[in-house]
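Below: one structure, written as structure tokens.
Labels below follow one simple rule: chain letters A, B, ... track the order of the sequence lines, proteins then strands, and each chain is numbered from 1. Here the structure is a predicted model, which means the values were calculated and not measured.
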Amino acid sequence: MTLRETIISAPGIDASPDENQCPSNVPAYIVSREQFRDAARMMKTADARLVAEWATDESHYSSLPLPSGEREGVRGRGFGIYACYARDNEYLIVKTYTPIEDPTFPSITKKFAPAHRFERQMNSLMGVIPTGHPDLRPWIRHEDWPEDAYPLRKSFDASKPMQRVKGEYNFIKAEGEGVYEIPVGPVHAGIIEPGHFRFQAVGEDILNLEERLGYVHKGIEKRFESLSWTEGVKLAGRVSGDSTVAHSLCYCRALEAMTGCNPPERVLWLRALMLERERIANHLGDIGAIANDAAFAFLLYQFSRLREMLLRINLKLFGHRFMMDRIIPGGVIIDINSDGKNEILAEMNWLLKEFERLVVIYDENPSLEDRVRDTGILKPETAKELCVVGFTARASGRNLDCRIQNPFPPYDKIIPKVPVLNSGDVHARAWVRIEETRESIRIIREILNNLPDGQIAEPDLKSQASCPQPHRAGFAVVEGWRGEIVYWLQSDAKGEINRCMVRDPSSVNWLALEQAIHGNIVPDFPLCNKSFNQSYSGHDL
Amino acid sequence: MLRILHQIFRTGIVTEPLPAETGAAIQEIGAKLEDVIRRRFRRSLTIRAVDAGSCNGCELEIHAINNPIYNCERFGIHFTASPRFADMLLVTGPVSRNMEIALRRTYNATPNPKLVVAVGDCGCNGGIFGEGYASLGGVDKIIPVNIKIQGCPPTPVAILQGILKAIL
């Protein structure tokens, strides 16, 4: 039974379809507030995972006529509460409303572990209250924010700076003989993003790790609401600078779903080419960095040399080292000619040869192996429980990749062979990325050898792609190098941005680091952290 | 072990043979940098990088100046874990509200005389994030800035040039 059939036929759940949700293969069903948790239970029983949970402010919608397909009685709008579930190749959104006077809804944290943070975040930024949530400490919102500041509400004036008030964040405490605390961050030792980690340890052994993030919260989701659809893609490209291609692509795909715009085949193939180049560049950098955190600097320098060469070709052929702002709604802004094609093919030959030499060195080094094996284990059952995605999931026995489960051309023809390992340790996460690099090289060769002819951006398509109908919602997923990126866009009565929900893979995968660290020693933390390499900016938004 | 040695000799020193156009630029900036660093900083310029709210794009390019091709260490530039040892803060932005206090503390922990370089369009003026409840705009809104390096993100060469400008 599909998830759609499950929700329709569930006893006691009265689900009606929301026809404004695009694309049609990702349906949304409206349920009553009381049934929101029942729907979650059905999804849990059906073995689905929670993809994302978010809230919208739809209070200003109430004076408008009913959108078609929406029943009387579900109205009164106020805040929209959404949960997206997935199983195999199926995505499904369950939606409910909660009134402004009483913005509560049943928490689904007890069914789905990642809802724990999603709901804290919804509570912190939108001011909706998940009843039955075990821990409503603020998330992303820091303790010195004014009490009534809920930036995602429409009534909030985002243009003014906020006052600082007195407040305290209650970290989880451990007590006992010999137990001590290590606070780390937000400013870290290396050249990395800021975040705070609080360890409780005895000797070198870590008892508990608590993350506290939100330091790079720039108000991205709110910022989207003040931009036009075409400006929005630039912001999407800066949600997480290392995944600029994947984020801007995901934004464009969600927008194109809303507008019914189908870019030409060549555009789709060029986008995939950039996506795979981004994957390789990040994998190269991180495999080297993992080795470096185990004191094997040799591989860092070797891999960063390969990475640099790749970035230079990006600059030469695509006009930007990270290929920022190359993808726009309805198209791409840069094409490659046959010289460029041959240059990339030659580059791939060179890269694969160099890469394989280094992989042998990685694989045959016993002191490196000693550090990376059995370190930072994320067990497959924990990975499933936490609904993790991307290479983190694939290193812990979860066969998830939306290039396969939710493909767009050319991934319907060039099907990636995805490596899946079960050991869930630092080595597994590194090795999955080694295999993926090989696979991306293969995909790039196939893309170039079969690249369809055609235009890259037709002016009609561009304008069509950036003008959605009012009251539409669009959904898209893209497999970035970290994993599944999700965008959910909503247009308002004028057809402009009402809400842009961004879910970076890090939003769920950060939970996994806290679990993987149990039983490890403090000096191995940087190594474990690097093996996940989550985005702070993509998480904090 | 033999493989490692073989790979080292096979790779050779990659810092020299650069593509002509960027190669020349690096040599030129590098020579100037080296001279200034020798005179003014007793052969070593110590930098503390602070991400005050960036998207991580600028961090990747700051990493790149450490790679064997740009190899900033040859000019005496190196990165430190503590602001207490730093001559220069390399700050990426926009400064987020939640990082403002940490940035001020880092600045105060850096001994005088100190230099501050704002990296990237967002560090210069807030970039696409602008100024609002969560993003406070450019680095100079919070701490004094000596030099701004434009770019989204600036290339490694631009970052090296910016560092030179700050110490000249």
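- Within the 4.5 angstrom heavy-atom criterion, no atom of A:Glu143 approaches chain B.
- Taken from CE in B:Met99 to CD in A:Glu193, the straight-line distance is 10.5 Å, to the nearest 0.5 Å.
- Among A:Ser159, A:Ser537, A:Ala189, A:Pro151, the residue making the largest number of heavy-atom pairs under 4.5 Å with chain B is A:Ala189.
- Heavy-atom distances place the side chain of A:Phe296, and not its backbone, under 4.5 Å from chain B.
- For the atom pair CG of B:Leu60 and CZ of A:Phe322, the computed distance is 4.5 Å after rounding to the nearest 0.5 Å.
- With a threshold of 4.5 angstrom between heavy atoms, A:Asp144 approaches chain B through its backbone and through its side chain.
- Atom NE2 in B:His63 sits 7.5 Å away from atom CD1 in A:Ile192 (nearest 0.5 Å).
- For chain A, the nearby parts of B:Phe129 are the backbone and the side chain; heavy atoms of each come within less than 4.5 Å.
- Proximity to chain B (any heavy atom under 4.5 Å) is shown, for A:Met162, by both the backbone and the side chain.
- Only the side chain of A:Arg307 comes within contact range of chain B, with heavy atoms under 4.5 Å apart.
- Minimum heavy-atom separation, A:Glu308 to B:Ala64: OE1-CB, 4.1 Å.
- In the displayed structure, A:Lys234 atom NZ is contacted under 6.0 Å by at most 12 heavy atoms of other residues, nucleotides or ligands.
- Counting heavy-atom pairs under 4.5 Å between each of B:Val95, B:Leu136, B:Ile8 and chain A puts B:Ile8 at the top.
- Separation of atoms CH2 (A:Trp145) and CZ (B:Arg97) is listed at 7.0 Å; rounding is to 0.5 Å.
- Only the side chain of A:Leu358 comes within less than 4.5 Å of a heavy atom of chain B; its backbone N, CA, C and O stay farther away.
- Proximity to chain A (any heavy atom under 4.5 Å) is restricted, for B:Arg10, to the side chain, taken from C-beta onward.
- Other residues, nucleotides and ligands place no more than 12 heavy atoms under 6.0 Å from the CZ atom of B:Arg84.
- Contacts between A:Tyr536 and chain B at a heavy-atom distance below 4.5 Å are absent for every atom of the residue.
- Distance check: B:Ser96 OG to A:His142 NE2 gives 8.5 Å after rounding to the nearest 0.5 Å.
- Most heavy-atom pairs under 4.5 Å with chain A, from the set B:Glu131, B:Met1, B:Glu100: that is B:Glu100.
- Put simply, the side chain of B:Asn98 gets close to the backbone of A:Gly214: a donor and an acceptor are under 3.5 Å apart.
- With A:His320 contributing its side chain and B:Cys152 its backbone, the two residues share a donor-acceptor pair below 3.5 Å.
- Side-chain atoms of A:Lys218 come within 3.5 Å of backbone N or O of B:Ser54 as a donor-acceptor pair.
- No more than 12 heavy atoms of other residues, nucleotides or ligands shown are found within 6.0 angstrom of NZ on A:Lys316.
- Remark: A:Thr244 OG1 to B:Asn56 CG distance equals 11.5 Å, nearest 0.5 Å.
- Taking 4.5 Å as the limit, every side-chain heavy atom of B:Ile128 sits out of range of all side-chain heavy atoms of A:Glu231.
- Within the 4.5 angstrom heavy-atom criterion, atoms from both the backbone and the side chain of B:Pro153 approach chain A.
- Most heavy-atom pairs under 4.5 Å with chain A, from the set B:His6, B:Arg105, B:Glu59: that is B:Glu59.
- Considering only heavy-atom pairs separated by less than 4.5 Å from chain B, the leading option among A:Arg321, A:His188, A:Glu354, A:Glu364 is A:Arg321.
- Of the atoms belonging to A:Arg305, heavy atoms from both backbone and side chain fall under 4.5 Å from chain B.
- Only the side chain of B:Thr11 comes within contact range of chain A, with heavy atoms under 4.5 Å apart.
- Checking side-chain atoms of A:Arg238 against main-chain N and O of B:Gly57 turns up no donor-acceptor pair under 3.5 Å.
- With a threshold of 4.5 angstrom between heavy atoms, A:Tyr215 approaches chain B through its backbone and through its side chain.
- Interface residue B:Thr80: only backbone heavy atoms are found under 4.5 Å from chain A.
- In plain terms, the two heavy atoms of B:Ala134 and A:Gly219 that are nearest each other are CB-N, 3.5 Å.
- Residue contact with chain B, scored on non-hydrogen atoms closer than 4.5 Å, is absent for A:Leu315.
- The local environment of OH in A:Tyr301 is sparse, with at most 12 non-hydrogen atoms from other residues, nucleotides or ligands closer than 6.0 Å.
- Of the atoms belonging to B:Asn66, heavy atoms from both backbone and side chain fall under 4.5 Å from chain A.
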